[in-house]
Amino acid sequence: MNPAVVEALRNCRHLLVFTGAGVSAESGVPTFRDALTGLWARFDPARLATPEAFSADPELVWGWYEWRRQRVLRAMPNLAHRTIAELARRVPRLTLVTQNVDDLHERAGSQDVIHLHGSLQASRCFECGRAHEGLSDELDEPQEGRRLAPPRCVHCGAAVRPGVVWFGESLPQAALQRAFDAAGECDLLLSVGTSGLVYPAAQVPQIAARSGACVVHVNPQPEAVGGAREYSLAGAAGTLLPQLLRAAFGD
Ligand code: BV8
Ligand code: ZN
């Protein structure tokens with residue numbers, strides 16, 4: 001384990017953990033791009049995850065999200081999620097910012113998770129925006145490739161949509177501002193399981209690096225690191241995060 005990274009974690013004052021779909025991969029939740037299988041394989045995610053796609057074919061898009069939501073219902077948090085929850089008990093201050101729309105961080109015990117891209121669990125009306133309660137959490141067989149008619153809003157009768165941020169939609173302003181503020185203030189940022197392609201979320205590690213924080217990427221794909229205090233730990237989050245916790249704080 002890189003001694004400079006271990007030292008930075010042991011002595012950090014404010015740790016920002018920034019996660020992407022890779023942190024849920026070992027829970028069996030397909031990463032954003034892996035989720036496009038079967039019926040959806042022919043779509044570019046950035047085209048399917050849009051309000052235009054939902055307006056054009058609500059059953060195709062709702063079917064995809066219900067399949068993904070059912071996959072999350074079946075999944076359990078993995079050792080990476082649990083280690084991040086444990087880190088919050090070992091450092092003076094931890095801010096957790098996620099791009100993910102699953103609730104595995106919360107189910108691993110993390111508190112106050114900042115979701116930049118919304119949540120699969122928070123559906124709302126496509127027209128009037130009212131929250132839609134009552135998504136079933138029975139485990140019905142997630143039919144890959146099944147088209148599904150979205151529920152109707154009880155207030156205005158319009159179609160209900162997933163509570164996620166689609167491409168071309170603004171991120172929740174308060175969440176984004178909290179993430180940027182923490183990035184400017186932290187002294188160590190752990191970026192876990194993200195390809196760093198999607199903006200403005202991808203600015204979070206960039207702001208941290210510019211503000212002089214140590215930035216560490218945890219990803220099986222080694223990251224080309226530029227900055228003097230930027231490191232890449234090549235490997236799975238479920239393996240590397242527990243090793244890093246043990247090296248910095250013992251068992
Ligand atoms: C906005 C919710 C404007 C939906 C998501 C050109 C340049 C720059 C920007 C743009 C551009 N063209 C368009 C844009 C803007 C666009 C954008 O960034 N496009 C990209 C494709 C270039 N952004 C937007 O549209 C955003 N909104 O800009 O609004 C605006 C401004 C004013 C007013 C109105 C509007 C909205 C972006 C949010 C989109 N929604 N999610 C859903 O989930 O269905 S993003 C979606 O993609 C996911 O949520 C996730 O956040 C992201 C995928 O990223 P990752 O999480 O990194 O996942 P990925 O699969 O890519 O990678 C997984 C990684 O894990 C890999 O690196 C892999 O190696 C690693 N891994 C695998 N296993 C493991 C592992 N790591 C560790 N351990 C393992 N075991
Ligand atoms: Zn409505």
Side-chain angles (χ1 to χ4, degrees), residues 5 8-29 68-69 71-124 131 133 135 137 162-165 171-194 200-205 207-208 211 213-218 237-238 240-251:
V5 172
L9 178 57
R10 187 178 293 131
N11 302 324
C12 80
R13 189 184 27 80
H14 179 184
L15 167 62
L16 194 162
V17 179
F18 176 67
T19 64
V23 80
S24 299
E26 291 159 89
S27 298
V29 175
R68 289 172 61 193
R69 191 175 70 85
R71 295 289 301 265
V72 171
L73 281 175
R74 282 171 152 64
M76 293 302 289
N78 65 60
L79 198 44
H81 297 107
R82 294 202 304 274
T83 303
I84 292 167
E86 176 60 25
L87 278 171
R89 293 185 277 273
R90 305 296 190 99
V91 299
R93 185 178 167 203
L94 185 145
T95 302
L96 176 52
V97 177
T98 188
Q99 303 172 85
N100 299 340
V101 294
D102 65 51
D103 61 347
L104 294 176
H105 281 306
E106 288 84 349
R107 285 162 55 193
S110 289
Q111 321 255 317
D112 190 19
V113 183
I114 300 175
H115 280 269
L116 296 182
H117 295 156
S119 159
L120 284 171
Q121 281 75 27
S123 305
R124 65 173 187 272
E133 310 302 335
L135 277 189
D137 49 13
V164 300
V165 178
L171 277 62
Q173 202 42 46
L176 187 61
Q177 196 51 57
R178 279 187 68 200
F180 283 176
D181 292 348
E185 211 275 328
C186 70
D187 49 323
L188 174 60
L189 182 142
L190 281 182
S191 172
V192 185
T194 182
Q203 288 177 287
V204 170
I207 294 168
S211 310
C214 174
V215 174
V216 180
H217 303 273
V218 176
L240 291 179
L241 290 184
Q243 283 175 356
L244 184 54
L245 175 80
R246 224 180 349 270
F249 301 110
D251 270 327

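We number each residue from 1, following the sequence as shown. Note: hydrogens, waters and symmetry copies are ignored here, and every other heavy atom, side chains too, is used.
Looking at every heavy atom in both residues, Leu104 comes nearest to Val29 through CD1-CG2, 3.9 Å. For the pair Val218 and Ala237, the tightest heavy-atom approach, listed with the atom from each and the gap, is CG1-CA, 3.9 Å. For the pair Ala88 and Leu94, the tightest heavy-atom approach, listed with the atom from each and the gap, is N-CD1, 3.7 Å. Minimum heavy-atom separation, Pro77 to Ser27: C-OG, 3.7 Å. What you find for Cys12 and Asp187 is that their closest heavy atoms are CA-OD2, 3.3 Å. In this structure, Leu189 and Pro205 approach most closely via the heavy-atom pair CD1-CA, 3.8 Å.
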Report task. Mind running side chain to side chain contact (heavy atoms under 4.5 Å, CB included) on Leu190 and Leu87 for me, showing each step along the way? Result -> CA-CA 11 Å; Leu190 281 182; Leu87 278 171; 4.2 Å; yes
Report task. Tell me, with the steps shown, if Asp112 and Arg178 meet side chain to side chain contact (heavy atoms under 4.5 Å, CB included). Result -> CA-CA 11 Å; Asp112 190 19; Arg178 279 187 68 200; 2.6 Å; yes
Report task. Go through the steps to decide whether Ser24 and His105 satisfy the test side chain to side chain donor-acceptor pair (under 3.5 Å), and finish with yes or no. Result -> CA-CA 9 Å; Ser24 299; His105 281 306; over 6 Å; no
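Side-chain atoms of His115 come within 3.5 Å of backbone N or O of Asn100 as a donor-acceptor pair. Distance alone, capped at 3.5 Å, places no donor-acceptor pair between the Glu26 side chain and the Asn78 backbone. Under the 3.5 Å distance criterion, the side-chain polar atoms of Arg71 are matched with a main-chain donor or acceptor of Gly28. With hydrogens and angles disregarded, no donor-acceptor distance shorter than 3.5 Å links the side chain of Arg82 to the backbone of Pro242. Remark: the backbone N or O of Ala75 is paired with a side-chain donor or acceptor of Arg107 at under 3.5 angstrom. Not a single donor-acceptor pair under 3.5 Å links the side chain of His117 to the backbone N or O of Val101.
For the atom pair CG (Leu15) and CZ (Arg93), the distance works out to 11.0 Å, reported to the nearest 0.5 Å. Residue Thr98 holds its OG1 atom at 7.5 Å from CG of Leu116, rounded to the nearest 0.5 Å. A distance of 13.0 Å separates CG of Leu188 from CZ of Arg10, quoted to the nearest 0.5 Å. The distance from the OG1 atom of Thr95 to the CG atom of Asp181 is 10.0 Å, given to the nearest 0.5 Å. The distance from the OG1 atom of Thr83 to the CG atom of Leu244 is 9.5 Å, given to the nearest 0.5 Å. Rounded to the nearest 0.5 angstrom, Leu16 CG and Ser211 OG are separated by 10.5 Å.
Gln121 places none of its side-chain heavy atoms less than 4.5 Å from the side chain of Glu106. Side-chain contact between Val91 and Leu9 is present, with at least one heavy-atom pair separated by less than 4.5 Å. Using a 4.5 Å heavy-atom threshold, the side chains of Val204 and Phe180 count as touching. In this structure, the side chains of Ser110 and Ile84 come closer than 4.5 Å at one or more pairs of heavy atoms. Counting only heavy atoms from C-beta outward, the side chains of Leu79 and Leu241 never approach each other to under 4.5 Å.
Ion pairing of Arg246 with Glu86 is absent here, as no side-chain N (NZ or NE/NH1/NH2) approaches a carboxylate O to less than 4.0 Å.
Of the residues Thr194, Val113, Leu96, the one that meets the side chain to side chain contact (heavy atoms under 4.5 Å, CB included) test with Thr19 is Leu96.
In this view, His217 satisfies the ring pair (Phe, Tyr, Trp, His ring centres under 6.0 Å) rule with no residue, not counting sequence neighbours.
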